[in-house]
Amino acid sequence: MNHTFEAYGPAHLTVIFLTIASPFLLAALVRRTKSRKLERSIVIALSSLLVLNYVTYMLLVGRFGAVSWQQVLPLQLCDWEWSW
């Protein structure tokens with residue numbers, strides 16, 4: 001089964017909506033409950049998700065050799081010259 005990406009199709013619009021709505025819904029939930037524990041849990045969950053996403057991306061890039069690790073550093077190192 002071959003699924004092709006359809007720009008602005010139902011799946012794409014759903015993801016766009018959730019990307020925009022989720023931060024507002026989570027903020028409203030924390031504000032309504034006034035729970036520091038809930039706020040901390042959301043922060044830890046989102047932070048962990050971002051780190052896991054980045055590590056997975058780096059592993060896949062390394063595995064398939066799409067680019068070198070120097071090209072995907074998250075810093076502005078364009079003025080640095082690599083001597084190796």
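Reckoned from all heavy atoms, side chains included, excluding hydrogens, waters and symmetry mates.
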task = Decide yes or no on side-chain contact (heavy atoms from CB on, under 4.5 Å) for Leu60 and Thr56, but give the supporting numbers first.
result = CA-CA 6 Å; Leu60 288 173; Thr56 303; 4.2 Å; yes
I'd like to know if [Y] and [X] are part of one continuous hydrophobic network [Ile/Leu/Val/Met/Phe/Trp/Tyr, side-chain heavy atoms within less than 4.5 Å].
{"X": "Val43", "Y": "Leu26", "result": "no"}
{"X": "Ile42", "Y": "Phe24", "result": "no"}
{"X": "Leu46", "Y": "Val30", "result": "yes"}

Rounded to the nearest 0.5 Å, what separation is found between the [atom1] atom of [X] and the [atom2] atom of [Y]?
{"X": "Ser48", "Y": "Asn53", "atom1": "OG", "atom2": "CG", "value": "12.0 Å"}
{"X": "Glu39", "Y": "Leu29", "atom1": "CD", "atom2": "CG", "value": "11.0 Å"}
{"X": "Ile44", "Y": "Leu49", "atom1": "CD1", "atom2": "CG", "value": "13.5 Å"}
{"X": "Tyr57", "Y": "Leu52", "atom1": "OH", "atom2": "CG", "value": "15.0 Å"}

Provide the closest heavy-atom pair for [X] versus [Y] in the form atom of the first, atom of the second, distance.
{"X": "Ile16", "Y": "Tyr8", "result": "CD1-CE2, 4.2 Å"}
{"X": "His12", "Y": "Glu6", "result": "CB-O, 3.8 Å"}
{"X": "Ile20", "Y": "Pro23", "result": "O-CD, 3.4 Å"}
{"X": "Val15", "Y": "Thr19", "result": "O-OG1, 2.7 Å"}

request  = Answer yes or no: are there more than 12 heavy-atom neighbours, outside Phe5 itself, under 6.0 Å from its atom CZ?
outcome  = yes
